Structure formats: structure tokens, C-alpha cells
Amino acid sequence: MNRRALLRGGAVAAVASPALVGKAIAAGEVSWRIQSHWPKASASFDDSLGKMASTLEERTDGAFKMELLGAGEFAKGPDIFNIVSKGVVPMGTLAASYFEDQASVANFVYGIPGTFRQAWEFEHALKNLGLEALLNEELAPKGVMLLSEKVLPVEMTASKKVESAADFSGLKIRSSGAMLDYLSAAGAAPQYIPGSELYQALSSGVVDGAHWGAAIGAQSMSLWEVCKYHYKPVLAQTTDSYIVNLKALEELSDDLRTAFLDTVQARFFLRTAEYQHQEALALADGVANQGVEVVTLPDDVRELLAEASTKILEAEGQKSEQAGKAADIYRGLMTDLGYS
């Protein structure tokens, strides 16, 4: 199978068919090492990566196995793109923002803050309107393909209460990608810190707060032990993703390749829906049992963030012809939804 066909297949993979399981698959047994950007403490290590791996192994009657590595076991988040591109490992998990220097559409797939308000909107833009396919056109010459793992909300949690733009000014927030510019525009002082070092940075006061997804991320990473203020509204809809080496994918038997692509595609929609439910449960538990206070960002901060969103979308769209197409997908859908 050539790479163009692989990219098409990754974009439109069908729901898994049990009929593929049998002797043909068992004859092509493989084992992949997967380097995750999630620490093993993160809910997504088991519920996203672990579940995908076990589903694939079950579907292929044990023929496709995965060895799962937690954040930093072999490489940290920003290095995962490179080790997968070079074929050191066949696959990893990451946020698309980690390789924004490699592809002009990366931040559009990670999520432009202050744009989409609900998960289904971003799902539609990624899979039906072509955002993921645009990115993969850029990534193919680098020998990799991205497959979105789920859509999830981004919400900030902090150790300090913000009641005005003055309170927000200088707040040290762990962030990444376009969110760095977004928070900076409202006066915060964001900085990137790997997930494996985040709790230490919070507990030692290196940063005042963070976003690691929203409530589930804050709970599973123990952020609420230090940060008792959880902020609404959603800052962005964003994604977690798989990055896959194209040569490794090409070398799979047709049945194993189809099983892999179908499983990842089906899990994307199932995991996204499951995650929204778990978000509500996690936040309710944090309020009831961990002393978390839900706080709405003040109007003056939200006005600054809205201005920043428009500027970021414009700036990202100027990066390339592909990025311009991605920006048009955002603008078109937001107009249709009455957001602009």
C-alpha cells in the first residue's frame, strides 16, 4: 500500500469488523513499542492508550501487541515526534502543538483557543471537514501520520483566585502551543513544562497553575492537591493524538493495518464521548471531596482572551497555503454555528 492510500485510509477508516480476526491475522504477528507523552498516573494512559491497545490485541486474536511506555521512560513529549519520524519507535502519543515547528497546520489540529465550544464541532472539523487530512499532507514527507485520539476540553486550574485582569496579570501557567500566546495576551506568564515534571513545578511554586485537559487531567495528575481554584469557561477544545511511522504502518499485513486504523478511528469517537461524561463526574468529585472551588473567569479577562483568539487564528492562517485552508475551515464552521 502506498503512502497516499495510507493517508486516505487513516482519514476514513471504517468501524472494526470481527470477520478480519482469524488465521490470516495471526500469521502476521507484530509487537510495537509506544512512547506516550502521558505519565502513567494520567487517566489517559490507561483509559485512552491502554484501552486502545487491549481492544486491538483482542480484535486481532493476540496478533497485534503493544508495549506501552509512560512519559519520559524513553523520551519526553517534545522528542516523541522525532523518535517516531526516525523509526526509533513505530508510534507515540502527543499533542499536535509539540511539533508546531514541523507543520504549519499542527496548531489547528491541536485546537485554536477561543473558537469551538463543544467537542462535536471539533470532531466534525477534524474528520469530516478535512483538518486532519490537511495536516497529514504536510507530515507525509517526514515519514509520519497523525491520528487524532480524542477531543477534550481545556480548563485552567490554579493556586490563586482570579477576580480581575490585574489578578490574572503575571500568573505563571503551565501551557503549550497556541495556548501560550492566548494566555499571554490576557496578561498571564505561561510556560511549557513536561507532564512528568508538572506536579513538582506546582508544588514548589515554579508555576501557579496549569491546564492538563480539564477536570479529569487535574484530578488524575493530582493538580488539585495544590490548585484549589478550577476555572470556567472552557478555554479551548483540543486534541490528544497518535503519531505513527509510515514505514512501520506500510510493513504491516493488510489485515493488521486495517485492524489498527479501524480500531483507532472507532476509539476516537467512543473515547471523546466517554471523556465528556467523565469530566462532569471528576469535577463534581473535586468539589465534593477535594475542596475545589469552581470560579468563572472575570469579564475583563474573557474580553482579552476573545481578542487574542481572533489574532491567533489570523496569524496561524498566514503560515502557509495549507494553514490558510485550515483557518477557512474554522471560520466557515464558526460562521455556520453563529459564533462569528
Side-chain angles (χ1 to χ4, degrees), residues 36-45 70-72 75-80 94-100 107 110-111 113-114 152-236 238 240 279 282-283 286-287 290-298 300-302 304-305 308-309 312:
S36 175
H37 73 303
W38 297 306
K40 288 184 174 178
S42 172
S44 287
F45 187 86
K76 294 181 179 179
D79 301 318
I80 292 172
L94 42 61
S97 60
Y98 290 0
F99 59 87
E100 60 181 309
N107 274 329
Y110 174 64
L152 67 157
V154 175
E155 293 170 359
M156 186 183 77
T157 186
S159 58
K160 298 178 180 180
K161 192 166 187 176
V162 175
E163 297 180 300
S164 67
D167 293 337
F168 199 71
S169 179
L171 200 67
K172 295 174 290 184
I173 302 294
R174 182 270 175 199
S175 186
S176 66
M179 287 292 294
L180 290 162
D181 294 332
Y182 187 58
L183 295 172
S184 226
Q191 58 185 284
Y192 172 75
I193 294 170
S196 56
E197 300 170 15
L198 179 52
Y199 182 83
Q200 176 67 23
L202 282 168
S203 60
S204 63
V206 172
V207 290
D208 304 312
H211 59 81
W212 186 270
I216 293 171
Q219 185 179 61
S220 66
M221 295 285 282
S222 302
L223 307 188
W224 285 337
E225 290 183 8
V226 181
C227 301
K228 296 300 184 182
Y229 300 105
H230 188 94
Y231 289 91
K232 295 280 188 176
V234 169
L235 296 175
T238 188
D240 279 322
E279 273 292 309
L283 188 56
V287 171
Q290 294 183 258
V292 173
E293 180 180 344
V294 178
V295 180
T296 299
L297 283 169
D300 52 358
V301 173
R302 293 166 66 182
L304 291 169
L305 290 173
S309 177
I312 290 168

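For clarity, every value in this text was computed on a predicted model and none was experimentally measured.
- Listed by first and then second residue, the salt bridge (charged side-chain N to carboxylate O under 4.0 Å, His left out) pairs involving residues 214-231 amount to none (not counting sequence neighbours).
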- Task: Would you sort out whether Ile193 and Leu202 count as a side chain to side chain contact (heavy atoms under 4.5 Å, CB included), showing the intermediate values?
- Result: CA-CA 10 Å; Ile193 294 170; Leu202 282 168; over 6 Å; no
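- Scanning for side-chain hydrogen bond (donor to acceptor under 3.5 Å, both in side chains) contacts around Glu279 gives an empty result, with sequence neighbours left out.
- Taking the side-chain contact (heavy atoms from CB on, under 4.5 Å) definition, one finds that Val294 meets it with Lys232, Leu283, Val287, sequence neighbours left out.
- The side-chain contact (heavy atoms from CB on, under 4.5 Å) check on Ala43 picks up Asp47, Ile216, Ser220, with sequence neighbours excluded.
- The two atoms that bring Ala210 and Leu198 nearest to each other are CB-CD1, 3.9 Å, heavy atoms only.
- The side-chain contact (heavy atoms from CB on, under 4.5 Å) test applied to Ser184 returns Pro190, not counting sequence neighbours.
- Taking Glu197 as the reference, Lys76 meet the salt bridge (Lys or Arg N to Asp or Glu O under 4.0 Å) condition, with sequence neighbours excluded.
- Not counting sequence neighbours, the partners of Glu293 by the salt bridge (Lys or Arg N to Asp or Glu O under 4.0 Å) test are Lys161.
- Contacts classified as salt bridge (charged side-chain N to carboxylate O under 4.0 Å, His left out) and involving residues 171-181 (residues at least two apart or in different chains) are not found.
- The salt bridge (Lys or Arg N to Asp or Glu O under 4.0 Å) search around Asp208 returns Lys160, not counting sequence neighbours.
- The two atoms that bring Met221 and Gly195 nearest to each other are CE-O, 3.4 Å, heavy atoms only.
- Counting only residues at least two apart or on different chains, the ring pair (Phe, Tyr, Trp, His ring centres under 6.0 Å) pairs with a member in residues 187-232 are Tyr98-Tyr192, Trp224-His230.
- Annotation: the span from Leu94 atom CG to Ser176 atom OG amounts to 11.0 Å, rounded to 0.5 Å.
- In plain terms, the two heavy atoms of Leu183 and Ser175 that are nearest each other are CD1-OG, 3.8 Å.
- The side-chain contact (heavy atoms from CB on, under 4.5 Å) check on Thr238 picks up Tyr110, Leu152, Val154, with sequence neighbours excluded.
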- Message: Run the side chain to side chain contact (heavy atoms under 4.5 Å, CB included) test on Asp167 and Val301 for me, step by step, so that the C-alpha distance in whole Å, both residues' side-chain angles and the decisive distance to 0.1 Å come before the verdict.
- Response: CA-CA 9 Å; Asp167 293 337; Val301 173; over 6 Å; no
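- For Ser44, the side-chain hydrogen bond (donor to acceptor under 3.5 Å, both in side chains) test picks out Lys150, with sequence neighbours left out.
- Considering every non-hydrogen atom in both Gly114 and Tyr182, the closest pair reads CA-OH, 3.7 Å.
- The heavy-atom pair separating Lys40 from Gly70 by the smallest distance is CE-N, 3.7 Å.
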